[in-house]
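The chains referred to below are lettered A, B, ... by the order of the sequence lines, with proteins before strands, and numbering in each begins at 1. Because only heavy atoms are used, hydrogens play no part in the values below, and waters and symmetry mates are left out as well, while side chains stay in.
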There are 2 protein chains.
Amino acid sequence: MMDREWNDSQPIYRQLRDRVVAMILDGVLKEGDPLPSVRNVAAEYRVNHLTVLKGYQQLVDEQLVESKRGLGMFINAGARNLLLQGERQKFLAEEWPRVRATIQRLGLKPEELLDGGATRRSKQAAEEKPKP
Amino acid sequence: MMDREWNDSQPIYRQLRDRVVAMILDGVLKEGDPLPSVRNVAAEYRVNHLTVLKGYQQLVDEQLVESKRGLGMFINAGARNLLLQGERQKFLAEEWPRVRATIQRLGLKPEELLDGGATRRSKQAAEEKPKP
DNA sequence: GCTAGTGATATAGTTAACTATAACAGTATA
DNA sequence: TATACTGTTATAGTTAACTATATCACTAGC
């Protein structure tokens with residue numbers, strides 16, 4: 001229904017892939033479950049079905065999902081554990097270092113961000129002393 | 001020298017913009033300083049100079065940088081404070097919620113993320129219980 | 001067999017990102 | 001003036017992402 005679904009910082013098909021990954025990790029989609037049909041998703045988010053298919057094919061390539069023509073696409077056995085390993089490694093190696101650097105650069109306190117609510121207002125002044 | 005400089009998750013010109021922003025925040029580039037010339041950067045990273053220019057133009061549009069034809073591009077007064085405000089807001093509103101959700105989803109512990117190097121090996125078992 | 005639901009493939013067009021190459025325009029300095 | 005730096009504009013081509021439309025292929029249920 002909403003169309004502010006998409007982030008301009010990443011292609012839609014990858015965001016679709018990430019959305020399904022999140023659902024698997026959150027236990028919303030369990031092993032053996034069918035994932036929302038290509039055509040349904042395409043209609044719901046008003047996106048071309050080829051774009052959805054492309055996102056889903058990524059999951060097939062990652063062995064997370066199996067496609068059964070005429071039936072649908074289904075979560076593979078072991079998908080969640082596979083993800084917990086792979087995504088952790090990817091996150092720690094590729095994303096977190098960058099994010100962590102940004103946090104330090106902005107003078108934000110990691111502890112504040114990690115504990116409690118993410119919405120807490122940072123009342124820090126915007127005046128900081130440069131590094132050297 | 002290295003050509004593994006670029007992340008496929010974001011266009012080069014935006015990564016170039018972010019790189020300069022980081023240098024300003026880190027105090028490597030101070031107000032009044034010239035930033036590395038379009039052509040130099042293009043040559044060093046083996047990228048088209050138009051791509052570099054596009055990244056730099058973003059900074060001009062953000063009032064962070066001023067262009068002087070024949071001389072170079074220079075960091076504006078107040079650039080750093082402007083950034084500390086704007087980038088904090090952007091980060092907290094757009095990036096952090098997504099990252100935070102990922103962290104929880106992967107069952108990563110704040111201590112793991114904060115201590116020492118981000119490269120520490122996560123020895124957690126890949127077995128977790130789903131949400132519901 | 002028919003219908004309605006699945007995924008898959010084919011064709012073609014638009015746009016944004018990036019590229020190569022060339023030329024233009026301003027400034028500093030020898 | 002000549003040279004060597006700056007940024008800027010113009011032209012044109014490639015690729016990836018996304019789109020629209022249509023068609024094929026398979027499965028389940030009536």
If you define the side chain from C-beta out and look only at heavy atoms, does anything of Gln85(A) sit under 4.5 Å from Lys90(A)?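 In short, these two side chains do not touch, never coming nearer than 4.5 Å.
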When you compare the side chain of Arg19(B) with that of Glu5(B), does any pair of heavy atoms fall below 4.5 Å?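 Yes, at least one pair of side-chain atoms sits under 4.5 Å.
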How many whole angstroms separate atom [atom1] of [X] from atom [atom2] of [N]?
| X | N | atom1 | atom2 | value |
| --- | --- | --- | --- | --- |
| Phe74(B) | dG26(C) | CZ | P | 17 Å |
| Gln15(A) | dA17(D) | CD | P | 13 Å |
| Tyr45(B) | dT19(C) | OH | P | 14 Å |
| Lys54(B) | dT19(C) | NZ | P | 11 Å |
| Trp6(A) | dA17(D) | CH2 | C1' | 14 Å |

Is a side-chain N or O of Gln15(B) found less than 3.5 angstrom from the main chain of Gln10(B), in a donor-acceptor match?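 Yes; at least one donor-acceptor contact below 3.5 Å.
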For the pair Asn7(B) (side chain) and Ser9(B) (backbone), establish whether a donor and an acceptor sit closer than 3.5 Å, ignoring hydrogens and angles.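 At least one qualifying donor-acceptor pair exists.
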Out of dC18(C), dA20(C), dA17(D), which nucleotide sits closest to the side chain of Asn48(B)?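 Of the options given, the side chain of Asn48(B) lies nearest dA20(C).
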Between protein and nucleotides 2-14 of chain C, map the contacts as a letter string: B base, S sugar-phosphate only, - none, heavy atoms under 4.0 Å, written 5' to 3'. ---BBBBBB----
Counting only side-chain nitrogens and oxygens, does Tyr13(B) get under 4.0 Å of the OP1 or OP2 atom of dC18(C)?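 Result: no.
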Would you indicate, yes or no, if dA17(D) has its OP1 or OP2 atom less than 4.0 angstrom from a side-chain nitrogen or oxygen of Thr51(A)?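 So the side-chain polar atoms of Thr51(A) never come under 4.0 Å of the phosphate oxygens OP1 or OP2 of dA17(D).
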Restricting to non-hydrogen atoms, name the atom on Thr51(B) and the atom on Tyr13(B) that form the minimum distance, rounded to 0.1 Å.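 Closest heavy-atom pair between Thr51(B) and Tyr13(B): O-CB, 3.6 Å.
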Using a side-chain heavy atom cutoff under 4.5 Å and only I, L, V, M, F, W and Y, what cluster partners does Leu50(A) have?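 Same cluster as Leu50(A): nobody, lone residue.
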